[in-house]
Amino acid sequence: MNIEAETQRIQQFVDRGNYHAAYNIALSGLNECRRNHDQAGIDRFIEIIRGIVDSLAAEFGSQSES
């Protein structure tokens, strides 16, 4: 699997606001890495998923006032 190419593909979906597709592709990549016992790939896709969640939170989450 070309993780860098998948990362670019995922980012394109995030840029268009299609978080559902971005998350699904990232999760599929994570699962493929799990099947292949590729711990570095698993860790990378977890980072990508966290980034997607952070983007969702930044766009749609409520900000608490301090």
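For clarity, every value in this text was computed on a predicted model and none was experimentally measured.
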Partner set under side chain to side chain contact (heavy atoms under 4.5 Å, CB included) for Gln8, not counting sequence neighbours: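 Per chain and number, Gln8 pairs via side chain to side chain contact (heavy atoms under 4.5 Å, CB included) with no residue.
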
Contacts of Glu4 that satisfy side chain to side chain contact (heavy atoms under 4.5 Å, CB included) - sequence neighbours left out: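 Result, side chain to side chain contact (heavy atoms under 4.5 Å, CB included) vs Glu4: Asn2, Arg44.
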
Distance-only criterion, 3.5 Å: show the donor-acceptor pairs between side-chain atoms of residues 52-61 and protein atoms not counting sequence neighbours.
residue: Ser55; atom: OG; partner: Gly51; partner atom: O; Å: 3.1
residue: Glu59; atom: OE1; partner: Tyr19; partner atom: OH; Å: 2.4

Residue pair Met1 / Gly29: nearest heavy atoms and the distance that separates them: CE-CA, 3.7 Å

Residue pairs passing the side chain to side chain donor-acceptor pair (under 3.5 Å) test where at least one lies in residues 24-33, sequence neighbours excluded: His20-Asn24, Asn31-Arg34

Gap separating the CD1 atom of Ile46 from the CG atom of Leu27, nearest 0.5 angstrom: 10.5 Å

Separation between CD1 of Ile48 and CG of Asp43, rounded to the nearest 0.5 Å: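 Reported value, rounded in 0.5 Å steps: 11.0 Å.
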
Residues in side-chain hydrogen bond (donor to acceptor under 3.5 Å, both in side chains) contact with Asn18, at least two apart in sequence or another chain: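 Counting only residues at least two positions away or on another chain, Asn18 forms no side-chain hydrogen bond (donor to acceptor under 3.5 Å, both in side chains).
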
Can you give me every donor-acceptor pair (side chain of residues 9-17, partner residue at least two apart or in another chain, under 3.5 Å) with its distance?
residue: Arg9; atom: NH1; partner: Glu6; partner atom: OE1; Å: 3.4
residue: Gln11; atom: NE2; partner: Asp15; partner atom: OD1; Å: 2.7

